[in-house]
Student: 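First, the structure itself, so that you have it in front of you.
Just so we're on the same page: letters track the sequence lines, and every chain starts at 1. The analysis underlying the following values was restricted to heavy atoms, covering all of them including side chains, and did not include hydrogens, waters or symmetry mates.
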Protein chains: 2
Amino acid sequence: MITLNDVAKKANVSKMTVSRVINHPEQVRPELREMILNVMTQLDYHPNAAARALVGRRTRVVKLTIFEDMDTTEPYYMMLLAGIANELNQHQYALQIATRNSYEVGECDGYILTGIRQADYAWVERLNQPVVFVGSNRQGYDYVDTNNYQAVWESTRYAAEQGYTHLVFIGIAIAEPFELDRERGFREYVTTHHISAQIIRLANHSHVATAYVKSHWSGFPRNTAFICASDRLAIGVETAIINQGGRVPIEYGIIGFDGVLLNQIAAKRLTTMKQPLEAMGRAAARLLLANINHTDRSRGRHDQEKIIINSRLSVAESTR
Amino acid sequence: MITLNDVAKKANVSKMTVSRVINHPEQVRPELREMILNVMTQLDYHPNAAARALVGRRTRVVKLTIFEDMDTTEPYYMMLLAGIANELNQHQYALQIATRNSYEVGECDGYILTGIRQADYAWVERLNQPVVFVGSNRQGYDYVDTNNYQAVWESTRYAAEQGYTHLVFIGIAIAEPFELDRERGFREYVTTHHISAQIIRLANHSHVATAYVKSHWSGFPRNTAFICASDRLAIGVETAIINQGGRVPIEYGIIGFDGVLLNQIAAKRLTTMKQPLEAMGRAAARLLLANINHTDRSRGRHDQEKIIINSRLSVAESTR
DNA sequence: CTGTTAGCGCGTTCAA
DNA sequence: TTGAACGCGCTAACAG
């Protein structure tokens with residue numbers, strides 16, 4: 001293992017000078033700095049994270065806490081995770097995964113939280129450490145989120161532009177901000193453009209959507225497009241349409257939300273709004289790291305910071 | 001922050017004694033040990049991972065490398081992950097997630113590897129660090145795996161015992177050990193018990209299964225049960241049966257494999273072979289930790305160790 | 001069985 | 001601008 005000392009000897013300086021090249025490069029004469037950097041790459045030197053953690057009173061560990069049953073979890077989190085992990089790795093930080101039942105063990109420098117419900121906020125409050133949410137919140141914590149409004153607005157526009165003349169938004173029956181934003185995206189587009197439209201709210205299960213579409217089939221003329229708030233709903237809609245003898249995408253269009261796994265089950269590959277999950281993960285990690293470094297210097301809460309990331313429509317076979 | 005010293009002072013012993021209570025409890029007089037343990041809980045003492053890492057020449061980080069595209073990944077990994085993370089947390093280890101593109105950054109004490117293909121073994125070889133696989137391998141590395149043979153054997157038995165008289169195994173068309181074991185489980189059961197049966201191998205997509213069952217419908221008499229090697233295939237089979245007017249589970253039975261998410265899409269909740277993913281994750285972590293501690297003392301490779309975990313049939317609505 | 005000493009690799013503080 | 005000394009929290013090795 002190469003240490004600071006090894007580099008120092010080879011470069012004929014004290015180890016402090018080498019340390020400064022890493023932490024306060026501006027305090028070292030440029031030529032000397034260059035030389036030392038050279039030696040460092042030559043020796044393939046990597047600072048020892050444990051030693052830095054020890055002296056810096058940092059753990060160099062970030063915890064990701066997922067407040068949701070893993071059982072029913074979508075692949076969603078896996079991609080988010082990848083983004084977070086990648087970003088943290090680059091900064092010599094390790095990620096620790098904490099689930100509902102194990103979230104007290106070990107120390108860390110900060111938390112990334114997701115899937116939170118109202119009841120969990122008390123716990124968050126007591127953490128007293130830097131925190132970043134994935135998904136919006138109204139209690140003033142920093143967060144990263146997708147632009148739900150924009151996503152559905154664009155899905156709707158796409159459907160309209162493809163010539164579907166009746167638009168149906170199938171939402172999730174839950175009064176959370178993310179859902180309200182999605183509905184708003186739909187409503188604003190169809191209102192502005194005077195398009196025949198309706199909004200339906202269902203429990204987020206495919207068979208519920210299937211049953212609904214089946215029993216209201218006469219209300220969906222040809223040339224209807226369904227903009228769905230989740231892929232589960234989209235799959236359910238597709239099943240119903242096919243069972244009723246409707247043709248996708250010629251007579252009916254379907255747009256899902258965040259299609260990852262479920263596409264492998266749909267008869268036609270779903271046109272779907274893709275959330276940039278990897279990017280969201282990276283953003284959350286970066287935001288948290290910034291908070292950690294900031295908190296070090298100045299105590300006290302800063303203003304809520306929000307990072308909103310746009311989604312992209314991935315066009316496939318369920319729309320024309 | 002509570003340190004060893006704080007505990008030592010309060011307990012009127014040297015900090016070495018406290019340290020021993022943690023690392024070599026057998027070297028401390030039982031009553032003294034008890035007393036110190038008390039003080040430790042009283043003070044809510046937690047050893048500082050960084051300091052231990054520093055002196056122990058360990059990073060206290062384990063890397064999980066998933067050699068597979070996250071895009072198409074099943075929720076599978078998420079649960080595995082939870083198991084690994086929980087176990088590592090208990091041992092003051094942090095988990096780092098490495099994906100295909102980021103697997104060189106940072107140091108660690110060992111690797112948990114999964115989703116590996118033939119081409120990746122060269123990379124594994126060069127690691128030169130303790131390694132544990134999730135999923136079997138023939139190159140002599142330790143691994144944790146489900147008992148694929150047992151799982152399908154029991155599914156098959158269950159179907160037979162429920163009175164389905166014709167059994168069909170829908171396998172995945174791929175010559176990997178896991179698939180061969182599953183087929184073997186099916187074959188041995190039906191052969192031993194002289195049951196009318198057939199084996200079919202398909203690409204692992206639900207629509208492929210749907211198409212196959214549809215076009216061979218006349219070959220599947222009433223009272224047939226389909227034992228499927230994946231839930232995707234099971235869902236596809238179910239769709240076909242329903243489209244053909246067959247009734248589940250009265251006339252036809254379906255058993256899936258490892259139903260996590262997909263159940264939310266099936267018309268009838270699938271009867272499915274549940275892999276104990278959390279347990280597998282924990283087992284993998286424990287095995288790796290053992291290897292890490294072992295390698296510390298004695299250099300050189302030991303015999304391949306295998307941990308095979310049985311699955312459990314979760315009976316739901318797609319069988320009687 | 002228990003305590004003392006020394007040092008892991010690094011960064012802060014102070015002195016040069 | 002650079003260096004020397006000290007200590008972060010912990011444990012291995014030795015001494016008692």
Student: Look at the side-chain N and O atoms of B:S19 and state whether any lies under 4.0 Å from the OP1 or OP2 oxygen of D:dT11.
Tutor: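 Yes, B:S19 has a side-chain N/O under 4.0 Å of OP1/OP2 on D:dT11.
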Student: Are side-chain N/O atoms of A:N293 and A:R58 paired as donor and acceptor at under 3.5 Å?
Tutor: yes
Student: Roughly how many Å is it from CG in A:L54 to P in C:dC10, rounded to a whole number?
Tutor: 12 Å
Student: How many whole angstroms separate atom CD1 of B:I2 from atom P of D:dC10?
Tutor: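 Value for this atom pair: 10 Å.
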Student: Quick check on C:dT12: is either OP1 or OP2 less than 4.0 Å from any side-chain nitrogen or oxygen of A:H24?
Tutor: yes
Student: For B:R57 and for B:S14, find the nucleotide of DNA chain C with the closest heavy atom, then tell me which residue's nucleotide is more 5'.
Tutor: B:S14
Student: Quick one: OH on B:Y77 to CD1 on B:I84, what's the gap to the nearest 0.5 Å?
Tutor: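 Answer for the OH-CD1 pair, B:Y77 versus B:I84, is 10.5 Å.
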Student: Strictly below 4.0 Å: does B:T3 bring a side-chain N or O up to OP1 or OP2 of D:dC8?
Tutor: no
Student: Please report, rounded to the nearest Å, how far the C1' atom of C:dT12 is from the CZ atom of A:R20.
Tutor: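 To the nearest whole Å, that distance equals 10 Å.
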Student: Which pair of heavy atoms, one from A:L80 and one from A:L277, lies closest together, and at what distance?
Tutor: CD1-O, 3.7 Å
Student: So, taking the atom named CZ in B:R33 and the one named OG1 in B:T17, what distance separates them when rounded to the nearest 0.5 Å?
Tutor: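 So the CZ of B:R33 and the OG1 of B:T17 are separated by 12.5 Å.
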Student: At a heavy-atom distance below 4.0 Å, what parts of residues 28-36 of chain A sit against DNA chain D?
Tutor: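 Residues of residues 28-36 of chain A that come under 4.0 Å of DNA chain D are, in numerical order, A:V28, A:R29, A:L32.
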Student: If you assign each of A:M16 and B:K15 to its closest nucleotide in DNA chain D, which residue comes earlier from the 5' end?
Tutor: A:M16
Student: Per the side chain to side chain contact (heavy atoms under 4.5 Å, CB included) rule, which among B:N148, B:T146, B:D145, B:N147 passes with B:D181?
Tutor: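 Between B:D181 and the candidates, side chain to side chain contact (heavy atoms under 4.5 Å, CB included) is satisfied uniquely by B:N148.
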Student: If you measure only the distance, is there a donor-acceptor pair under 3.5 Å linking the side chains of B:N137 and B:Y121?
Tutor: no
Student: For A:L4 and D:dA5, what is the distance between atoms CG and C1' respectively, to the nearest whole Å?
Tutor: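 Distance, rounded to whole Å: 15 Å.
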Student: How many Å lie between CG on A:D6 and P on C:dG9, as a whole number?
Tutor: 8 Å
Student: Which residues, if any, of residues 37-53 of chain A bring a heavy atom under 4.0 Å of DNA chain D?
Tutor: none
Student: What's the separation between atom OH in B:Y143 and atom OG1 in B:T114, rounded to the nearest 0.5 Å?
Tutor: 13.5 Å
Student: Could you tell me the separation between the CG atom of B:N12 and the P atom of C:dT2, rounded to a whole number of Å?
Tutor: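 From B:N12 CG to C:dT2 P: 14 Å.
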Student: How many whole angstroms separate atom CD1 of A:I22 from atom C1' of C:dG11?
Tutor: 10 Å
Student: Can you list the steps and then say if A:M78 with A:L81 is a side chain to side chain contact (heavy atoms under 4.5 Å, CB included)?
Tutor: CA-CA 5 Å; A:M78 206 55 221; A:L81 202 64; 4.1 Å; yes
Student: With the side chain counted from C-beta on, respond yes when A:S311 and A:Q150 share a heavy-atom pair under 4.5 Å apart, and no when they do not.
Tutor: yes
Student: Rounded to the nearest Å, what distance is computed from the CD atom of residue A:E26 to the C1' atom of nucleotide D:dT1?
Tutor: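 Distance, rounded to whole Å: 12 Å.
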